[in-house]
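Residue numbers count from 1 along this sequence. The structure presented is a predicted model; accordingly, all values stated were derived computationally and were not measured.
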Amino acid sequence: MTVAVGSLVQRMPETWTRPVRLGGLGALGLVFVSLSGMPVRLDVREVVVPVLSLGYLVVLTVPLVVGVLLARRSEHEDFLDDPPSDGDLLLGAAAGGLLAGGGLSLLVVLLTSFDLRDPLINWSPQLLELLSFGRGVLFAFVLWLVAGAGLGCLGGLLRLAPARTRRMIVTMAFTIVGAAILESLVLDLVEGVGLVDAIDWIYAPRGGLTLTGTGVLAVVSGVLSAVGQGRIKRLKTRIEGLEGPKRTRANAALIAGVGLALIVLPLLVGKLTNELLANIGLFVLLALGLNVVVGLAGILDLGYVAFFAVGSYSTAVLTAATSPRFAPELPWLVALIVVIFIAVMVGLFIGAPVIRMRGDYLAIVTLGFGEIIRLIFLSDWLSGWFGGSQGITSIDGVEVFGILTVDGTNPRRVFYLVLTFCALAIYISWRLERSRLGRAWMAVREDEPVAEAMGINTVNVKLMAFVVGAVLGSFGGAIFVAKVGSVFPTSFLILVSIIILVVVIFGGMGNIFGVIAGAVVLIGVLGGPKQPGLLLELGEFKLLIYGALLVWMMLARPEGLIPSVRRSRELHQDEFLQDAWLKGQVDTGDSESQADSTSKRGAHRDGKS
């Protein structure tokens with residue numbers, strides 16, 4: 001340790017720059033999160049009773065993450081003359097955690113010395129009580145410095161641990177936190193299968209995991225992680241190695257298993273969980289439509305909510321007896337055919353004027369069209385058709401062959417309806433992605449001038465992306481109207497487009513499974529613009545979290561949670577060339593030809609698959 005300290009002192013400027021920078025960012029982040037009121041609001045949600053609440057977990061996670069980041073070794077460390085030792089990295093991680101915790105220590109002093117209620121109206125006196133544990137300023141000041149340094153060092157040890165051990169610890173932590181967050185879903189499912197007595201010792205009566213339940217979950221998840229790490233990896237490699245009919249059968253079996261689980265799950269849970277599942281499915285449907293426009297064709301559409309609104313209002317006008325001027329009262333399935341035609345026309349109408357624009361100009365114009373559509377439905381000029389600010393109410397549900405009615409009073413039926421259209425949207429997206437049109441979309445996304453030079457009619461190709469996205473978005477609007485039973489212009493704010501875009505980016509643009517995963521994680525936990533998620537306490541902070549996730553994704557993992565292979569190759573091509581150059585595999589003169597040949601080989605493999 002003495003040698004490590006001496007080495008750090010000698011290389012002070014270059015060694016401490018990163019810990020100071022990341023530690024300072026961690027301190028600013030903790031102060032911002034604390035003053036936003038998030039720790040106080042989340043303190044009512046217990047994770048482990050009586051040890052840890054979700055409010056304290058948010059605060060303690062920041063210095064831990066700072067330590068993990070500071071202990072990460074560079075990928076090009078082998079090329080450094082004097083790479084840092086493990087002791088160097090641990091000291092840097094502890095220093096970064098110390099600085100991050102110092103942000104809270106300074107905040108406690110400021111809260112005690114000054115009245116911050118005037119400039120910071122959201123600040124609550126409960127924050128000082130939470131940070132000081134009711135034991136005074138000096139105790140809190142020292143505590144957060146020590147806790148920050150300790151958590152930073154712990155994060156460094158976790159990062160430097162063997163990969164197998166690190167994965168096991170991370171799995172245990174995520175299992176415990178996930179079980180606490182998913183408590184309502186787990187209890188609902190357990191009640192459905194009649195195992196209430198077996199779960200009482202895991203969850204406390206007022207919420208949160210008991211100490212016994214935490215220990216059992218940690219042990220079970222740790223053992224499963226240790227046993228299954230190699231087997232899961234081998235199974236994944238084996239499935240990826242299958243070709244032809246064997247790969248088709250494996251994919252069919254996986255899809256059938258997931259489909260069966262989704263069919264059975266609503267039968268085992270209650271009304272609230274089915275409502276949550278229906279909301280998730282609705283956003284999956286909308287995100288799949290936007291994924292065609294943004295993920296496959298590369299068209300940044302910030303006005304996608306326009307197609308959602310068109311589908312909703314068209315269905316309402318065609319099916320509702322309360323439609324102001326034109327009320328044919330068509331059956332929902334018949335009206336859907338007309339809605340598809342209207343969506344195609346609107347997609348062409350919006351796409352044709354802006355299709356030759358690119359980049360920021362295209363995004364701004366689509367944003368404007370989204371607002372124009374909403375204001376048209378809101379205007380007094382067309383209130384005789386669409387009801388203006390009063391909207392259209394008393395809309396009937398979906399009559400399925402005269403046997404049953406699907407409406408908001410039965411969330412389980414709504415979920416099955418959404419599931420049917422999600423399956424249709426997944427199939428359409430999958431077939432289009434592997435078609436000639438899909439390959440043209442991806443060529444336009446990668447390099448539009450080159451695609452045009454290769455003979456692709458980029459105008460028609462981009463218009464087709466708008467049309468397909470409009471049709472899938474109209475499906476979501478038609479289901480939304482049947483579910484809610486009314487439609488108002490306030491349901492189609494630009495915020496809906498932003499959240500759908502965040503879902504696509506977070507999950508993985510261009511990847512169907514990534515988009516589904518993004519909707520499940522974000523909408524399921526945080527909720528939609530007006531739809532609650534599992535963490536109701538995060539309702540007032542959901543936009544803050546959405547923004548933070550979007551920034552983090554763009555900086556750390558732009559390809560998304562479950563990335564598309566082709567998309568990852570596009571985003572990390574420069575990194576591949578840099579690694580190859582450092583290892584002496586390519587020369588600076590032929591790096592471009594190496595990139596071109598690599599891209600062509602990747603495209604050829606994608607085409608064959």
Quiz item: Would you say the side-chain atoms of Arg45 pair up with the backbone N or O of Ile181, donor to acceptor, closer than 3.5 Å?
Solution: yes
Quiz item: Rounded to the nearest 0.5 Å, what separation is found between the CG atom of Leu375 and the CG atom of Leu382?
Solution: 11.5 Å
Self-check item: Aromatic plane relationship, Phe421 with Trp332 - under 30° parallel, 30 to 60° tilted, over 60° perpendicular
Solution: perpendicular
Exercise. Looking only at non-hydrogen atoms, find the nearest pair between Leu404 and Arg413 and report the distance.
Key: CB-NH1, 3.9 Å
Self-check item: Spacing of CD belonging to Glu371 relative to CG belonging to Leu378, to within rounding of 0.5 Å
Solution: 10.0 Å
Practice problem: Please answer whether the main-chain N or O of Ser486 pairs with a side-chain N or O of Thr393 as donor and acceptor at a distance below 3.5 Å. | Solution: no
Quiz item: With under 30° as parallel and over 60° as perpendicular, where do the rings of Phe386 and Phe377 fit, or are they tilted in between?
Solution: perpendicular
Quiz item: Should Leu300 and Leu501 count as side-chain neighbours, where that means a heavy-atom distance under 4.5 Å?
Solution: yes
Quiz prompt | Closest heavy-atom pair and its distance - Gly524, Leu276 | solution = O-CD1, 3.9 Å
Exercise. Name all residues meeting the side chain to side chain donor-acceptor pair (under 3.5 Å) criterion together with Thr405; count only those two or more places apart in sequence or in a different chain, and write none if there are none.
Key: Glu399
Quiz item: Donor-acceptor pair, Tyr203 side chain versus Ala179 backbone, under 3.5 Å?
Solution: yes
Practice problem: Please confirm whether the backbone N or O of Pro411 pairs with a side-chain atom of Asn274, one donor and one acceptor, at under 3.5 Å? | Solution: no
Self-check item: Minimal non-hydrogen separation, Ala204 against Thr210, with atom names
Solution: N-CG2, 3.6 Å
Quiz prompt | Residues which pass ring-ring contact (aromatic ring centres under 6.0 Å, His included) with Phe466, listed by chain and number, not counting sequence neighbours | solution = none
Quiz item: Is the side chain of Ser379 donor-acceptor paired with the backbone N or O of Ile376 at a distance under 3.5 Å, no angle test?
Solution: yes
Quiz item: So, Ser53 side chain and Glu46 main chain: donor-acceptor pair closer than 3.5 Å or not?
Solution: no
Self-check item: Ala425 backbone acceptor or donor facing Ser429 side chain under 3.5 Å
Solution: yes
Quiz item: When you look at Leu493 and Val305, which way does the side-chain contact (heavy atoms from CB on, under 4.5 Å) test go after all the steps?
Solution: CA-CA 7 Å; Leu493 301 175; Val305 70; over 6 Å; no
Quiz item: Say you draw a straight line from CZ of Phe415 to OG1 of Thr420; how long is it, rounded to the nearest 0.5 Å?
Solution: 9.5 Å
Self-check item: Whether over 12 other heavy atoms sit under 6.0 Å from Leu544 CG
Solution: yes
Exercise. Give the intermediate values and the outcome of side-chain contact (heavy atoms from CB on, under 4.5 Å) for residues Val406 and Tyr416.
Key: CA-CA 9 Å; Val406 180; Tyr416 284 134; over 6 Å; no
Exercise. Over all heavy atoms of both residues, which pair between Val414 and Ala278 is shortest? Give the atoms and the distance, please.
Key: CG1-CB, 4.0 Å
Quiz item: How far does CG of Leu290 sit from CD1 of Ile299, to the nearest 0.5 angstrom?
Solution: 10.5 Å
Self-check item: Min side-chain heavy-atom separation Val216-Ile202 under 4.5 Å
Solution: no
Quiz item: Do Trp441 and Arg445 come close enough that some side-chain heavy atom pair is under 4.5 Å?
Solution: no
Exercise. Given side-chain contact (heavy atoms from CB on, under 4.5 Å), test Ile426 with Val284 step by step and report yes or no.
Key: CA-CA 10 Å; Ile426 291 171; Val284 167; 5.6 Å; no
Exercise. Any chance you could measure Leu286, atom CG, to Phe475, atom CZ, to the nearest 0.5 Å?
Key: 12.0 Å
Exercise. Please examine the side chains of Thr319 and Val398, heavy atoms only from C-beta on, and report whether any two atoms are closer than 4.5 Å.
Key: no
Quiz item: Tyr304 side chain to Gly469 main-chain N or O, any donor-acceptor pair under 3.5 Å?
Solution: yes
Quiz item: Just by distance, do the side chain of Ser474 and the backbone of Phe307 share a donor-acceptor pair under 3.5 Å?
Solution: no
Practice problem: Determine the sole option in Val177, Leu217, Val49 for which the side-chain contact (heavy atoms from CB on, under 4.5 Å) test with Leu209 is passed. | Solution: Leu217
Quiz item: Just one of Leu296, Val344, Leu432, Leu463 clears the side-chain contact (heavy atoms from CB on, under 4.5 Å) bar with Val468, so which one?
Solution: Leu432
Quiz item: Checking Asp407 side chain against Lys483 main chain: does a donor-acceptor pair fall under 3.5 Å?
Solution: no
Quiz item: Below 4.5 Å, heavy atoms only, C-beta onward: do Glu129 and Asp43 meet side chain to side chain?
Solution: no
Practice problem: Could you tell me whether the side chain of Leu57 reaches within less than 4.5 Å of the side chain of Leu54, counting heavy atoms only? | Solution: yes
Practice problem: Go through the steps to decide whether Val338 and Phe341 satisfy the test side-chain contact (heavy atoms from CB on, under 4.5 Å), and finish with yes or no. | Solution: CA-CA 5 Å; Val338 182; Phe341 176 78; 5.5 Å; no
Quiz item: Which atom pair, heavy atoms only, marks the closest approach of Ile523 to Tyr546?
Solution: CD1-OH, 3.6 Å
Quiz item: Do Pro489 and Tyr313 touch side chain to side chain, with heavy atoms closer than 4.5 Å?
Solution: yes
Quiz item: With a 4.5 Å limit on heavy-atom distance, are the side chains of Val269 and Arg412 in contact?
Solution: no
Quiz item: If you look at every heavy atom in Phe283 and Gly528, which pair is closest and at what distance?
Solution: CZ-CA, 4.1 Å
Self-check item: Contacts of Tyr56 that satisfy ring-ring contact (aromatic ring centres under 6.0 Å, His included) - sequence neighbours left out
Solution: Phe133
Quiz item: What is the distance from atom CG of Asp396 to atom CD of Glu329, rounded to the nearest 0.5 Å?
Solution: 7.5 Å
